[in-house]
Amino acid sequence: MAYPLILIALLVSLSLLHHSRTLSCPSTHKQALLHFKSIVAPPPQPTNDSISIFDSWITNNCCNWQGVTCNLALPSKPVTHLSLSAVLPLPYTAPSTAIASLFAIHTLRFLDISENSLEGEIPSPSQGFASLVYLTSLDLSSNLLNGTIPSNLFELRNLKHLNLGGNSLTGFLSSAIANLSKLQVLSIEDNSLTGPIPAEIGNLIQLKLLSLSQNHFSGEIPESILRLARLQALDLGNNSLTSSIPDQIGALSNLSFLSLKMNQLSGEIPASISDLKQLQSLELNRNSLTGLIPSSLFHLKMLKKLNLGANKLLLNHSLEIHPRSSFSFLSLRACGLTGSIPGWLSDQKQLDFLDLSENQLTGSIPLWLTGPQIGSLIMSDNNLTGQIPSNLFNSRNLSVLDLSRNGLSGHLPVNIGNASAIMILLLGSNNLSGHIPPSITNITRLLALDLSANQLSGDSFPQFRTDTYLAYVDLSENSFYGEVPVGFGPQIRSLSLASNKFTGPLPAKLITMNFIENLDLHDNYITGAIPHWIGQMSAIYVLNLRDNKLEGAVPFAISNLSKLHVLDLSGNNLTGTVPAEMGRLTGMVDTPITYFSISDLFTFSLDLSDITTYWKGALRDLGYQRVSTYANLDLSRNQVSGRIPGELGNLKGLKSLNMSYNMLEGEIPATLGLLHKLESLDLSHNKINGSIPPSFGSLYQLTTLDLSYNRLTGRIPVGGQMSAMTDPSSYANNSGLCGFQVQVRCEPDDPSEVSEGELDAQGEESIGDHWLNLKWGVVYGFLLGFSVAVVVSYFAGFLYPNAPKRYLRSLR
Ligand SMILES: *[C@@H]1O[C@H](CO)[C@@H](O)[C@H](O)[C@H]1NC(C)=O
Ligand SMILES: *[C@@H]1O[C@H](CO)[C@@H](O)[C@H](O)[C@H]1NC(C)=O
Ligand SMILES: *[C@@H]1O[C@H](CO)[C@@H](O)[C@H](O)[C@H]1NC(C)=O
Ligand SMILES: *[C@@H]1O[C@H](CO)[C@@H](O)[C@H](O)[C@H]1NC(C)=O
Ligand SMILES: *[C@@H]1O[C@H](CO)[C@@H](O)[C@H](O)[C@H]1NC(C)=O
Ligand SMILES: *[C@@H]1O[C@H](CO)[C@@H](O)[C@H](O)[C@H]1NC(C)=O
Ligand SMILES: *[C@@H]1O[C@H](CO)[C@@H](O)[C@H](O)[C@H]1NC(C)=O
Ligand SMILES: *[C@@H]1O[C@H](CO)[C@@H](O)[C@H](O)[C@H]1NC(C)=O
Ligand SMILES: *[C@@H]1O[C@H](CO)[C@@H](O)[C@H](O)[C@H]1NC(C)=O
Ligand SMILES: *[C@@H]1O[C@H](CO)[C@@H](O)[C@H](O)[C@H]1NC(C)=O
Ligand SMILES: *[C@@H]1O[C@H](CO)[C@@H](O)[C@H](O)[C@H]1NC(C)=O
Ligand SMILES: *[C@@H]1O[C@H](CO)[C@@H](O)[C@H](O)[C@H]1NC(C)=O
């Protein structure tokens with residue numbers, strides 16, 4: 001009886017054994033995967049349209065798990081491929097140590113853990129990549145990895161494909177990279193690597209794709225790179241490379257993509273470049289290249305994208321060019337083009353993007369340029385004249401039109417609204433006249449509209465639909481009149497109507513602009529009081545109502561604008577007192593705002609980095625920190641009376657405070673001495689009495705001071721910058737100030753002679769750059785760029801499917 005039972009038990013266990021042999025992955029592999037899962041610990045998915053792959057990681061046989069592939073032909077059924085890209089939901093992050101748990105799977109050939117927000121260093125030598133001797137493909141891109149590239153990564157001698165891009169890796173690229181002699185694809189783009197590109201990279205002769213772009217590599221492009229004869233794509237853009245382009249670059253005869261843009265390369269474009277017969281895309285923009293553009297470049301039959309903009313190159317204008325290339329993207333920005341728009345462009349039937357800005361082109365815009373295919377046409381900063389051809393707007397493909405800063409005249413074409421795909425329309429600083437055609441509201445995707453500095457007029461404004469995306473509108477410096485228009489849709493971020501002839505009160509509809517950050521109405525004829533509802537425009541950073549005809553008191557509700565950095569109410573007819581509530585303007589108390597990086601968003605979406613950089617010159621040379629640390633309050637040239645509230649001493653972010661030309665009286669509150677960031681203080685032309693508070697001795701940043709035309713008496717404080725404020729006109733026409741600054745001896749028993757530093761300053765290190773050098777335009781321009789960039793980013797997904805994956809993911 002026992003016999004058959006034992007036999008059965010034996011058979012069962014044998015079959016079980018067999019079963020597990022045929023179906024299951026090795027338990028060490030399963031353990032490794034479960035360990036990985038436990039470290040990344042993905043949270044449960046809230047919605048069922050994003051089911052986690054880890055839901056399938058529950059059965060016994062890990063070969064059936066999603067993302068896991070085994071080699072079923074081998075007896076042990078080892079795990080060989082792991083496709084774990086984007087398995088963690090954003091914004092969830094996990095520690096990078098999870099990667100190390102996979103090192104136990106020695107049979108791995110293919111490992112992709114890209115786009116997972118893994119945080120921390122790439123597991124270090126002790127945790128060992130070295131065990132993965134079969135690995136041919138490793139993708140750790142688009143995570144949050146930092147630290148240096150661990151040296152044992154260079155022991156993965158079978159690697160053909162290595163992608164570490166889109167992380168925050170630092171340090172040098174080791175010459176040991178040469179050990180990975182089978183590499184065909186090497187991408188380390190978008191990290192923070194420094195130092196030179198190692199010459200040993202020339203040993204990787206199997207390379208087809210090499211991307212080291214968006215790092216901080218310096219030094220020259222190593223000559224050894226010319227040995228990489230199989231290269232099809234070489235991207236060294238956006239680094240700090242110097243010296244010149246290797247003369248023999250033409251030796252890389254299989255190159256179809258070459259980008260050296262955004263470096264500091266000098267010298268000429270080598271003639272050999274026209275040996276690159278396979279070249280489809282050449283980006284040399286934003287370097288310091290000099291000399292003539294070789295006309296042979298235009299003979300490369302495959303070339304579709306050519307960007308030479310922003311160098312010191314010249315196109316020989318007596319040269320007859322008969323291009324054999326059929327460009328879809330051509331930028332000859334700042335290439336010294338003169339005369340009329342080159343006629344040879346008329347044969348370019350595939351042109352989607354054309355940038356001829358910053359040349360000295362004259363004459364009118366030819367009709368042939370207005371074909372239906374053009375997507376982006378950028379010809380700002382030339383001397384073009386004549387009218388804007390209406391044909392241009394018959395195109396449904398036009399998405400960017402920038403004709404700013406030319407001499408264009410005439411009316412805006414009435415069919416402007418037929419170009420319904422325009423997102424960015426910049427026609428500022430021309431000589432356009434007439435009114436804005438109503439059809440403009442049919443441009444449903446319009447994001448940015450700049451018609452500033454023309455001679456446009458009229459009092460009827462197009463009413464944009466409520467589903468418009470319009471975010472940035474600049475109609476300043478024209479001759480528009482009538483009531484302040486408000487029909488720009490609910491998405492508006494920045495509205496400038498300055499320097500026109502608008503009349504009437506501030507329209508209540510302004511409060512429907514829920515996202516407005518910049519409202520600039522200065523230099524108009526706006527009347528009435530500043531309404532209380534202004535306190536509801538809660539997104540506002542900059543409010544400029546300077547030089548209007550506003551009257552009544554400053555409403556205390558203005559203190560609800562918690563983001564307000566810049567408030568300019570000067571040159572009105574405001575009365576009443578300065579509300580003490582203004583001391584609660586938290587945007588001016590401290591300004592720790594971190595702005596987005598503008599050009600990033602633009603390059604991702606539209607390859608418009610060049611436009612943003614030059615957009616109104618606003619971003620040029622603009623230090624980041626400067627803008628994020630300013631605050632300014634200006635109530636000057638009104639009829640404000642009463643005392644200066646001591647609460648203003650709370651506004652510690654203020655760089656400039658101007659209350660001049662009012663009817664202020666009483667004493668200067670000692671708390672103003674707490675405004676340690678103050679660079680400019682103007683209280684002149686009031687009726688202020690008493691003495692200058694000794695606390696002013698701790699205004700260490702002060703560079704401009706005007707207290708003239710008041711009734712001040714007593715000793716001028718010393719210490720801080722006060723000792724340097726020795727211009728007597730700062731103190732003129734008062735009632736008896738004394739001190740060395742005005743070269744008047746004080747009476748020894750002057751009661752105002754209090755010990756210095758009553759309100760002690762905490763020594764703050766000098767920021768060094770002086771905000772006051774910034775012009776208004778710059779400040780505004782910055783915010784404008786910021787606003788639009790954010791909105792443009794919404795579009796990146798559907799317009800530009802090639803945008804980096806991680807970025808698109810972050811938009812979901
Ligand atoms: C999504 O989940 C809900 C319950 O959580 C369920 O009612 C619904 O049917 C699911 N939809 C799909 C498409 O699975
Ligand atoms: C890497 O990132 C982690 C987590 O964000 C941080 O704790 C660590 O200090 C960083 N290491 C380096 C070298 O920057
Ligand atoms: C690279 O290879 C050389 C010689 O083959 C060897 O000496 C060196 O240790 C290797 N470096 C790494 C990091 O594997
Ligand atoms: C250039 O690279 C730096 C980092 O190296 C990055 O911050 C910047 O956004 C990049 N610029 C563009 C236009 O890609
Ligand atoms: C260049 O590409 C062609 C076709 O893809 C290939 O046959 C040739 O071997 C390549 N040349 C080199 C040097 O790799
Ligand atoms: C420009 O082209 C013309 C006509 O081909 C030629 O005569 C002239 O030498 C060129 N100028 C320069 C500076 O190369
Ligand atoms: C305009 O765009 C449409 C749709 O994107 C495209 O099919 C068409 O070919 C373009 N027109 C021209 C002339 O390129
Ligand atoms: C272009 O216009 C500017 C300003 O009107 C003028 O100074 C310059 O000489 C003009 N250049 C040419 C080439 O006509
Ligand atoms: C706008 O386009 C439509 C059809 O595409 C055309 O019928 C109409 O004439 C155009 N409008 C103008 C003002 O050109
Ligand atoms: C602008 O146009 C007006 C006529 O509308 C003309 O008188 C004036 O000279 C033009 N200005 C420039 C700079 O072209
Ligand atoms: C907007 O477009 C529609 C249809 O294309 C047209 O009927 C309407 O007249 C246009 N509106 C304006 C103000 O041009
Ligand atoms: C300012 O207002 C006062 C009284 O409200 C008035 O008398 C004066 O004319 C106004 N000044 C200006 C420039 O409007």
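By convention here, the first residue in the shown sequence is residue 1. Counting starts at 1 for both ligands and their atoms, following the listed order.
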Quick check: closest heavy atoms across Leu300 and Ser325, and the distance to 0.1 Å?
O-OG, 2.9 Å
Of all the atoms in ligand 6, which lie at a distance below 4.0 Å from a heavy atom belonging to Leu292?
12 (C), 13 (C), 14 (O)
Nearest protein heavy-atom contact for atom 4 (C) of ligand 6: which residue, which atom, what distance?
Ser318 O, 3.9 Å
Close approach of Gly417 to ligand 11, heavy atoms, under 4.0 angstrom:
no
Specify whether the nearest protein heavy atom to atom 12 (C) of ligand 5 is under 4.0 angstrom away.
yes
Take atom CD in Glu220; do more than 12 heavy atoms of anything else shown fall under 6.0 Å from it?
no
Nearest protein heavy atom to atom 10 (C) of ligand 6, by residue and atom, and its distance?
Asn316 ND2, 2.3 Å
Of the protein's non-hydrogen atoms, which lies at the shortest distance from atom 5 (O) of ligand 6, and what is that distance?
Leu319 CD1, 3.4 Å
Could you work out, for atom 3 (C) of ligand 5, the closest of Leu255, Asn254, Ile205 by heavy-atom distance?
Asn254
Polar contact flag for Gln232 and ligand 5 (N/O pairs, less than 3.5 Å):
no
Atom 2 (O) of ligand 11: the protein heavy-atom neighbour that sits closest, reported with distance to 0.1 Å:
Asn442 ND2, 2.1 Å
Sub-4.0 Å protein heavy atom next to atom 7 (O) of ligand 11
no
Answer with yes or no after comparing the ring centroid distance for Phe461 and Phe502 against a 6.0 Å cut-off, counting only values under it.
yes
What atoms in ligand 11 come closer than 4.0 Å to a heavy atom of Pro438?
13 (C)
Within a 6.0 Å radius of atom OH on Tyr134, are there more than 12 heavy atoms belonging to other residues, nucleotides or ligands?
no
Would you say the side chains of Asn431 and Gln455 form a donor-acceptor pair under 3.5 Å?
yes
At what distance is the nearest protein heavy atom to atom 14 (O) of ligand 11, and which residue and atom is it?
Ser439 CB, 3.2 Å
Restricting to non-hydrogen atoms, name the atom on His435 and the atom on Leu412 that form the minimum distance, rounded to 0.1 Å.
O-CD1, 4.3 Å
Using only heavy-atom distances, determine whether the side chains of Ser274 and Ser296 contain a donor-acceptor pair under 3.5 Å.
yes
Can you say whether the rings of Phe298 and Phe327 are parallel (under 30°), tilted (30 to 60°) or perpendicular (over 60°)?
perpendicular
